[in-house]
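Residue numbers count from 1 along this sequence. Only this structure's heavy atoms are used, side chains among them; waters, hydrogens and symmetry mates stay out.
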Amino acid sequence: MPRKSLARRALTANAVFSGVSGLALATLAPFWAEVLLQSPPVWLSPALRVLGGGLVSFAAVLVWLAAAPERTARWTQLVIWADLAWVAMTVVLLVILWAQFTGAGITLLIAVAAVVAVFGMLQQRSLRRLPAQPGDATAS
């Protein structure tokens with residue numbers, strides 16, 4: 001697979017997953033609140049709507065990056081860090097609030113974190129293959 005193609009495919013797949021997940025959260029927030037937590041607090045549905053909107057915005061940025069190869073190497077590292085932060089925060093939430101989550105909520109959070117981790121690894125792999133450009137943080 002060509003180097004730029006791997007970067008574009010990884011970013012595009014991440015964009016699709018993030019966009020669909022964001023739309024699902026934003027439009028079905030009360031449902032997801034019940035799926036995730038045993039006794040969801042009243043603020044969870046609005047928070048999930050905001051998170052969903054953020055994911056849709058993140059997806060739009062990923063599409064923008066995937067569409068322009070000259071931007072890909074420069075910004076992919078930031079996307080990788082965002083994915084890593086998502087996975088890390090999922091672990092923190094599960095450790096701190098384990099007893100509050102439903103079985104389905106725990107399974108869903110772990111599955112989403114695993115998918116996000118795979119995107120991060122694919123993006124990291126593509127970044128290593130892309131030639132460094134002037135001004136890139138990855139240039140040596």
Side-chain angles (χ1 to χ4, degrees):
M1 181 179 312
R3 292 175 184 167
K4 289 184 180 178
S5 179
L6 178 60
R8 286 184 188 165
R9 287 181 188 197
L11 290 168
T12 301
N14 194 344
V16 169
F17 183 75
S18 297
V20 169
S21 298
L23 287 173
L25 280 175
T27 59
L28 301 169
F31 167 77
W32 292 114
E34 294 291 329
V35 168
L36 291 171
L37 294 179
Q38 294 176 26
S39 298
V42 70
W43 56 264
L44 186 58
S45 288
L48 290 176
R49 282 194 174 92
V50 170
L51 178 60
L55 285 171
V56 170
S57 299
F58 181 67
V61 170
L62 294 175
V63 168
W64 177 74
L65 289 173
E70 67 277 2
R71 291 189 289 254
T72 302
R74 182 170 294 150
W75 295 97
T76 299
Q77 188 63 49
L78 291 174
V79 174
I80 294 166
W81 282 107
D83 288 341
L84 179 63
W86 181 278
V87 173
M89 289 309 299
T90 299
V91 171
V92 169
L93 278 174
L94 286 172
V95 168
I96 294 172
L97 300 173
W98 180 269
Q100 303 302 314
F101 286 103
T102 64
I106 292 168
T107 302
L108 187 62
L109 287 177
I110 291 171
V112 169
V115 170
V116 172
V118 168
F119 289 142
M121 288 185 282
L122 289 173
Q123 292 157 173
Q124 182 62 38
R125 186 174 183 188
S126 73
L127 187 64
R128 289 185 189 144
R129 293 179 176 187
L130 288 173
Q133 297 180 4
D136 280 354
T138 58
S140 301

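The list of side chain to side chain donor-acceptor pair (under 3.5 Å) pairs with a residue in residues 11-21, not counting sequence neighbours, reads N14-S18, N14-D83, N14-Q123.
Closest heavy-atom contact between V87 and A117: CG2-N, 3.8 Å. Residue E34 comes nearest to P40 through the heavy atom pair OE2-CG, 3.5 Å, listed as atom of the first residue, atom of the second, then distance. Of all the heavy atoms in A26 and G53, the pair that sits closest is CB-N, 4.4 Å. Between G120 and I80, the shortest heavy-atom distance links the atoms O-CG1, 4.1 Å. Pairing each heavy atom of Q38 with each of A99, the nearest pair is NE2-O, 3.1 Å. Here the closest non-hydrogen pair linking T27 and L23 is OG1-O, 2.7 Å.
Linking ILVMFWY residues whenever their side-chain heavy atoms come closer than 4.5 Å, directly or via other members, leaves V61 and V56 in distinct clusters. A single hydrophobic cluster is not seen to contain both L55 and L65; linkage of ILVMFWY side chains at heavy-atom distances under 4.5 Å, directly or through other members, places them apart. Transitive grouping of hydrophobic side chains (ILVMFWY, heavy atoms separated by less than 4.5 Å) brings L28 and L36 into a common cluster. A continuous path of Ile, Leu, Val, Met, Phe, Trp and Tyr side chains, each step under 4.5 Å between heavy atoms, connects L109 with W98, placing both in one hydrophobic cluster. Both V115 and V92 are part of a single hydrophobic cluster, where members link through side-chain heavy atoms under 4.5 Å apart.
In this structure, the side chains of W32 and L108 come closer than 4.5 Å at one or more pairs of heavy atoms. Using a 4.5 Å cut-off on side-chain heavy atoms (C-beta onward), L94 and I106 make contact.
When the options V50, V20, L48 are evaluated for a side-chain contact (heavy atoms from CB on, under 4.5 Å) with L25, the one that passes is L48.
Listed by chain and number, the residues in a ring-ring contact (aromatic ring centres under 6.0 Å, His included) with F17 are F119 (sequence neighbours excluded).
Within 6.0 Å of the CH2 atom in W64, the count of heavy atoms belonging to other residues, nucleotides or ligands exceeds 12.
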